[in-house]
2 protein chains.
Amino acid sequence: MHTPPTLRMTKQRRIILEELCKLKSHPTADEMYHILRKRMPRISLGTVYRNLEVLSESGIIQKIDVGGTQKRFDGNAELHYHVRCVKCNRVDDIDVPPDRAIEDQARKRTEFTILRHHTEFLGLCPNCREADH
Amino acid sequence: MHTPPTLRMTKQRRIILEELCKLKSHPTADEMYHILRKRMPRISLGTVYRNLEVLSESGIIQKIDVGGTQKRFDGNAELHYHVRCVKCNRVDDIDVPPDRAIEDQARKRTEFTILRHHTEFLGLCPNCREADH
DNA sequence: GTGTCTGCAAACCATTTGCATCGGT
DNA sequence: ACCGATGCAAATGGTTTGCAGACAC
């Protein structure tokens with residue numbers, strides 16, 4: 001049997017959470033790292049990765065595990081959808097009401113045990129639409 | 001002004017397309033590479049990546065650019081949804097009718113120019129549900 | 001013949017990990 | 001004091017790229 005390890009509220013963990021929740025954007029781990037270094041110059045990138053992982057596993061934040069090469073993080077753990085710019089990879093929230101019922105539809109059509117779903121819209125952000133071709 | 005380069009139907013490109021369309025699964029580039037080497041022992045991983053990229057850009061196949069560390073490819077370029085196992089990353093098609101109308105909803109709620117969307121269900125595949133914990 | 005494509009190997013880059021030390025509880 | 005967390009640096013692993021020769025058109 002396994003008791004999950006107790007989470008300690010270290011200074012790093014607290015500040016990572018604080019700074020992420022302050023943002024409306026959906027930063028990558030590296031973007032978080034640069035923001036955090038302003039307050040904690042000695043924080044390491046490894047610590048940022050480890051904490052974003054742990055915090056998202058405990059459901060306190062959300063790992064946006066959709067398209068793009070870098071994962072992004074969201075201080076809002078509620079189910080909601082995102083738009084991503086296919087050019088610059090900017091990710092915004094989009095106020096389309098999430099369809100919980102679609103998970104029941106899915107359960108009828110697969111042998112998998114469905115846990116959750118996410119939807120990502122793809123498009124061009126205003127900036128990239130301007131700076132066009 | 002730019003003329004896009006003419007696509008040449010090389011032996012490698014043809015066979016990559018052939019083998020991918022044969023499959024019902026959604027292989028990673030590396031899985032494709034191993035399959036292809038049975039027919040073309042000298043094909044390189046770089047060629048596989050380059051062709052899967054080019055073919056998906058021309059809309060002949062689909063790059064499944066959702067969660068997970070490795071990208072996957074789908075010989076079926078039509079819009080359809082997928083389920084992914086959170087444990088083993090197996091990806092199956094799921095027969096939930098795609099909701100085209102949701103893109104219009106999205107257009108009303110964002111400044112982005114919406115091009116497309118995708119939805120991924122997450123869950124446990126039958127194998128991983130058995131072999132539990 | 002021209003310009004794209006290939007195989008190969010090295011480069012890249014996001015993320016993970018080993019380890020000695022630090023610090024929360 | 002115990003054991004999880006940190007900083008640092010090295011390792012990993014998927015993907016991309018530079019280049020010289022090969023091949024489709």
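From a predicted model like this one, the values you see are computed outputs, not experimental measurements. Proteins get letters first, then strands, A, B, ... in listed order; numbering begins at 1 in each.
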Seminar exercise, completed: Each nucleotide of nucleotides 17-25 of chain C classed B (base within 4.0 Å of a protein heavy atom), S (only sugar-phosphate) or -, in 5' to 3' order, makes BB----BBS
Problem set entry | Given B/R72, B/Q70, B/R84, the one that forms side chain to side chain donor-acceptor pair (under 3.5 Å) with B/N89 | B/R84
For this session: Mind checking A/D30 for me? I need base, sugar-phosphate or nothing, with any heavy atom below 4.0 Å counting as a touch.
Result: nothing
Exercise. Taking atom C1' of D/dT6 as reference, at what distance in whole Å does atom CG of A/L55 sit?
Worked result: 15 Å
Exercise. With the threshold set at 4.0 Å, does a side-chain nitrogen-carboxylate oxygen contact exist between B/E111 and A/R129?
Worked result: no
Exercise. Reckon B/T6 touches a base, only the sugar-phosphate, or nothing at all at heavy-atom distances under 4.0 Å?
Worked result: sugar-phosphate
Exercise. Could you state the NZ-P distance from A/K63 to C/dA14, rounded to the nearest angstrom?
Worked result: 16 Å
Problem set entry | Validation row: B/K71, B/I64 side chains within 4.5 angstrom (heavy atoms) | no
Exercise. Any side-chain N or O of A/Q12 under 4.0 Å from OP1/OP2 of D/dG7?
Worked result: yes
Problem set entry | Given B/D74, B/T119, B/D95, the one that forms side chain to side chain donor-acceptor pair (under 3.5 Å) with B/H80 | B/D74
Exercise. Starting at CZ of B/R14 and ending at P of D/dC23, how long is that distance when rounded to a whole Å?
Worked result: 14 Å
Exercise. Nearest to the side chain of A/Q70 - D/dT15, C/dA14, D/dC8?
Worked result: C/dA14
For this session: Could you check whether the rings of A/H26 and A/H82 sit parallel, tilted or perpendicular, using 30° and 60° as the cut-offs?
Result: perpendicular
Seminar exercise, completed: The nucleotide from D/dT15, D/dC8, C/dC5 with an atom nearest the side chain of B/K71 is D/dT15
Seminar exercise, completed: Whichever of B/R72 and A/I43 has the more 5' nearest nucleotide on DNA chain D, that residue is A/I43
Exercise. In whole angstroms, how far is the P atom of C/dA14 from the CD atom of A/E31?
Worked result: 11 Å
Seminar exercise, completed: note: B/N51, atom CG; C/dT4, atom C1'; distance rounded to Å ~ 11 Å
Exercise. Taking side chain as C-beta onward, heavy atoms only, is A/E120 less than 4.5 Å from A/V83?
Worked result: no
Exercise. Atom CG of A/L36 and atom P of D/dG7: how far apart are they, to the nearest Å?
Worked result: 10 Å
Exercise. Taking atom C1' of C/dA9 as reference, at what distance in whole Å does atom OH of B/Y33 sit?
Worked result: 12 Å
Problem set entry | Electrostatic pair B/K22-B/E18, nearest N-O below 4.0 angstrom | no
Exercise. Base, sugar-phosphate, or nothing for B/L45, non-hydrogen atoms under 4.0 angstrom?
Worked result: base
Exercise. How close or far is atom C1' of D/dG14 from atom CG of B/L52, stated in whole angstroms?
Worked result: 13 Å
